[in-house]
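Here is the structure we will look at, set down as structure tokens.
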Amino acid sequence: MLGQAPAEPPDVEPFAVGAGDTPGRFLGRVLFSLPRVTVPALLLAVVWQVGESAVPLVMGVAIDRSLSTGDAGQLVVWLGVLVSVYVALTAAARLGWRLTVYAEQLVQHRLRATLSARVLHPGDRAGREGAARTPDGAVVSVMTSDTARLGAAGLVVQPVAQVAAIGFIAVSLLLIHWLVGLVVLVGASVVVWLMGVLGTRFSRDTRGYQGLLASTVARASDIVAGYRVVKGIRAEAEAARRYRLASQEALVGARRNAGLLGGFLFGTGALTGVFVATVTGLAGWFAVDGRLSIGQLIAVVGLTQALLPQIQALAQGAAPSLAAARASSARVLGVLRGDDPGTAGLRGAPAGRTRIDATQVPALDIELLGSTVRVEPGELVGVRADDRTAARLAEALLDPHAGSDSDNGIEVRLGGRPAQGLSPADYRSWVTVAPHRTTLFTGTIRDNLGPPARADGRGPELVDAAVEAAACTDFAGDLDLPVGEDGNRLSGGQRQRVALARALSTDAPVLVLHDPTTAVDPVTEQAVAERLAGIRAGRSNLVIASSPTLLQHCDRVVDLLEQGRAADGDLFDEPVAP
């Protein structure tokens with residue numbers, strides 16, 4: 001359908017970041033990255049703004065050519081011209097805004113695609129390897145608020161159109177009377193410069209306030225995402241205290257920024273008011289003196305009044321928006337370069353780290369509290385633990401590079417080598433960890449299940465087997481059914497089973513499952529437990545769970561629930577009764 005948005009977002013080329021890129025240069029490159037759309041939008045915006053500024057000029061000419069002479073024919077002609085100007089500027093405004101919004105959506109989509117690629121695949125940058133991890137609140141803030149500010153095509157379209165309108169008004173006034181035009185040219189330049197001076201402190205403070213706000217949003221997002229861990233270690237009071245401190249700092253920054261904004265708006269309003277009053281008074285004096293006709297006086301007053309919103313828009317809209325966009329550009333550059341605090345841990349491993357043998361399935365060894373949990377290839381080993389220990393263990397397996405051994409008391413080895421000695425890319429290619437918290441993407445069930453195409457052509461076969469093993473067939477007969485935003489069209493148990501099927505479909509050499517069936521009914525859980533060993537035959541498998549149904553189908557169970565033995569490091573392997 002004509003004008004209808006495509007069903008899928010277009011494929012875009014990520015923005016390249018060079019060593020010499022500054023926030024200002026990157027901002028300019030982003031704003032001018034889609035000239036095929038922004039240039040037509042800019043031209044239409046110029047027609048719109050100049051057309052609005054031409055209205056008082058046309059009215060003045062109509063008065064001089066018709067009303068002062070009594071010629072009705074001239075009146076009809078100039079009324080027709082006035083209507084034509086309104087039709088042209090209205091059409092240009094409508095189409096120009098549509099193109100501007102379209103350009104903003106495309107540029108912001110490209111920015112988010114670039115940031116997503118950097119966060120999820122850090123090894124693609126400069127040939128360095130990296131480990132994907134769940135984005136924290138700071139990264140989420142950059143990918144939402146900062147990309148919206150940075151990718152606003154109106155930052156180019158509207159200011160250029162406003163400058164064109166100011167130029168048209170100035171030229172028109174020069175043609176009406178050179179002195180009035182000169183006053184407008186000089187006065188407008190001085191007023192805009194003074195507005196920039198007034199806005200310097202406000203712009204600087206805006207960057208600081210954006211940082212405080214992003215930090216607060218990041219802290220809140222991290223607390224919500226890690227609430228189960230926070231609850232498990234009984235750190236609710238400390239988490240709340242830290243959030244209150246961050247929130248209070250952001251509140252102080254917001255009040256200070258609002259005060260500076262008020263002062264800025266008052267100062268710019270006073271400047272523009274004095275300027276317009278001066279021009280109007282000068283034009284009135286010339287009309288009384290006979291140097292301006294009635295039509296010219298009306299044109300001068302109308303053009304001067306049209307000049308006011310253009311200057312105000314430049315000073316109060318474009319200038320602060322550009323300052324905010326430049327601050328956002330610096331934050332986006334920080335994420336793309338891996339320098340932003342929100343992307344700690346994404347930079348990748350140093351050169352020279354060892355690699356594991358890709359010809360065999362490695363064994364998984366976990367040093368925990370002085371004892372070793374070993375998972376041999378082909379084994380399905382269960383670990384029974386309290387919520388806090390289970391969360392620590394899952395986190396250590398998800399990202400062994402996040403902290404040192406002394407931080408978490410857990411050491412992970414893969415194929416006999418410490419995981420921290422492996423490159424993150426190697427570790428992630430061999431180990432898949434399905435955390436307890438279920439996350440689904442907007443799309444269909446197939447979109448959430450399908451692994452990358454495999455060289456052996458077993459991709460579709462693995463998906464079907466994973467759907468069957470995760471007991472999803474009762475609701476996933478059609479894999480093209482939409483799941484909704486974050487899977488909100490599915491029940492909690494269905495979401496959990498889709499996430500389990502996704503983990504199984506990867507056919508990872510080492511698979512770690514953390515409480516994969518807590519939201520399903522006993523009958524379904526029994527079916528999952530019975531099928532798990534079959535689909536994972538020949539692989540290394542670790543299940544962290546407290547469910548007796550799952551644990552009784554494991555080859556061995558490591559019991560960490562007995563606090564006395566766990567505290568002494570006396571872990572034991574308990575064979576499962578047949």
Side-chain angles (χ1 to χ4, degrees), residues 134 223-236 366 368 373 375 380-398 431-441 445 448-449 466-476 483-484 486-506 508 510-536 541-563 566 574 576:
T134 302
I223 289 175
V224 172
Y227 181 74
R228 187 169 181 270
V229 177
V230 172
K231 189 76 174 177
I233 63 176
R234 297 182 176 87
E236 301 97 317
I366 306 168
L368 175 64
V373 179
V375 183
L380 177 60
V381 177
V383 171
R384 183 167 57 182
D386 59 86
D387 287 347
R388 178 182 178 183
T389 304
R392 289 175 54 211
L393 182 57
E395 182 67 23
L397 289 165
L398 184 64
V431 180
T432 292
V433 178
H436 173 67
R437 182 174 182 270
T438 301
T439 302
L440 297 183
F441 301 100
I445 296 175
N448 281 274
L449 292 178
V467 169
E468 175 69 23
C472 296
T473 52
D474 61 328
F475 66 91
V483 301
D486 198 22
N488 60 10
R489 293 192 179 185
L490 304 178
S491 68
Q494 290 172 339
R495 289 197 298 269
Q496 197 171 52
R497 282 182 278 166
V498 171
L500 174 59
R502 177 172 58 196
L504 295 174
S505 67
T506 63
V510 179
L511 178 63
V512 179
L513 302 176
H514 180 202
D515 278 333
T517 57
T518 53
V520 303
D521 60 86
V523 175
T524 304
E525 185 178 38
Q526 179 69 28
V528 171
E530 291 174 351
R531 300 167 186 173
L532 193 57
I535 192 173
R536 292 293 302 168
N541 308 283
L542 181 68
V543 178
I544 306 169
S546 57
S547 167
T549 302
L550 279 179
L551 294 176
Q552 72 179 357
H553 286 82
C554 295
D555 300 320
R556 291 183 294 112
V557 174
V558 178
D559 196 339
L560 303 180
L561 280 177
E562 297 189 12
Q563 297 297 325
E574 177 184 303
V576 178

Practice problem: Using side chain to side chain contact (heavy atoms under 4.5 Å, CB included) as the criterion, list what pairs up with Thr518, not counting sequence neighbours. | Solution: His436, Gln496, Asp515
Quiz item: So which heavy atom on Phe441 is nearest to which on Val483, and how close?
Solution: O-CG2, 3.3 Å
Quiz item: For the atom pair CG (Leu500) and OG1 (Thr517), what is the distance rounded to the nearest 0.5 Å?
Solution: 8.5 Å
Quiz prompt | Heavy-atom pair of closest approach, residues Val543 and Leu380 | solution = CG2-CD1, 3.6 Å
Self-check item: salt bridge (charged side-chain N to carboxylate O under 4.0 Å, His left out) against Glu530, all qualifying residues, sequence neighbours excluded
Solution: none
Quiz prompt | Under 3.5 Å donor-acceptor, Ser491 side chain and Gln494 backbone | solution = yes
Practice problem: Find the distance between CG (Leu504) and CD1 (Ile535) and round it off to the nearest 0.5 Å. | Solution: 5.0 Å
Self-check item: Donor-acceptor pair, side chain of Arg495 and main chain of Leu490, under 3.5 angstrom
Solution: yes
Exercise. Would you please name every residue forming a side chain to side chain contact (heavy atoms under 4.5 Å, CB included) with Val510, sequence neighbours left out?
Key: Pro362, Leu364, Leu414, Val431, Ser540
Quiz item: What's the shortest heavy-atom distance between Leu551 and Val557, and which atoms?
Solution: O-CG2, 3.5 Å
Exercise. Could I get the full list of salt bridge (charged side-chain N to carboxylate O under 4.0 Å, His left out) partners for Asp387, not counting sequence neighbours?
Key: Arg228
Self-check item: With sequence neighbours excluded, residues passing side chain to side chain contact (heavy atoms under 4.5 Å, CB included) with Ala471
Solution: Arg497, Thr524, Val528, Arg531
Quiz prompt | side chain to side chain contact (heavy atoms under 4.5 Å, CB included) partners of Ala434, counting only residues at least two apart | solution = Ala503, Leu513
Exercise. Kindly compute the distance separating CZ (Arg489) from CD1 (Ile445), expressed to the nearest 0.5 Å.
Key: 11.0 Å
Quiz item: Is there a side-chain contact between Glu395 and His514 (heavy atoms, below 4.5 Å)?
Solution: no
Self-check item: Glu525 CD to Leu550 CG distance, which is reported to the nearest 0.5 Å
Solution: 5.0 Å
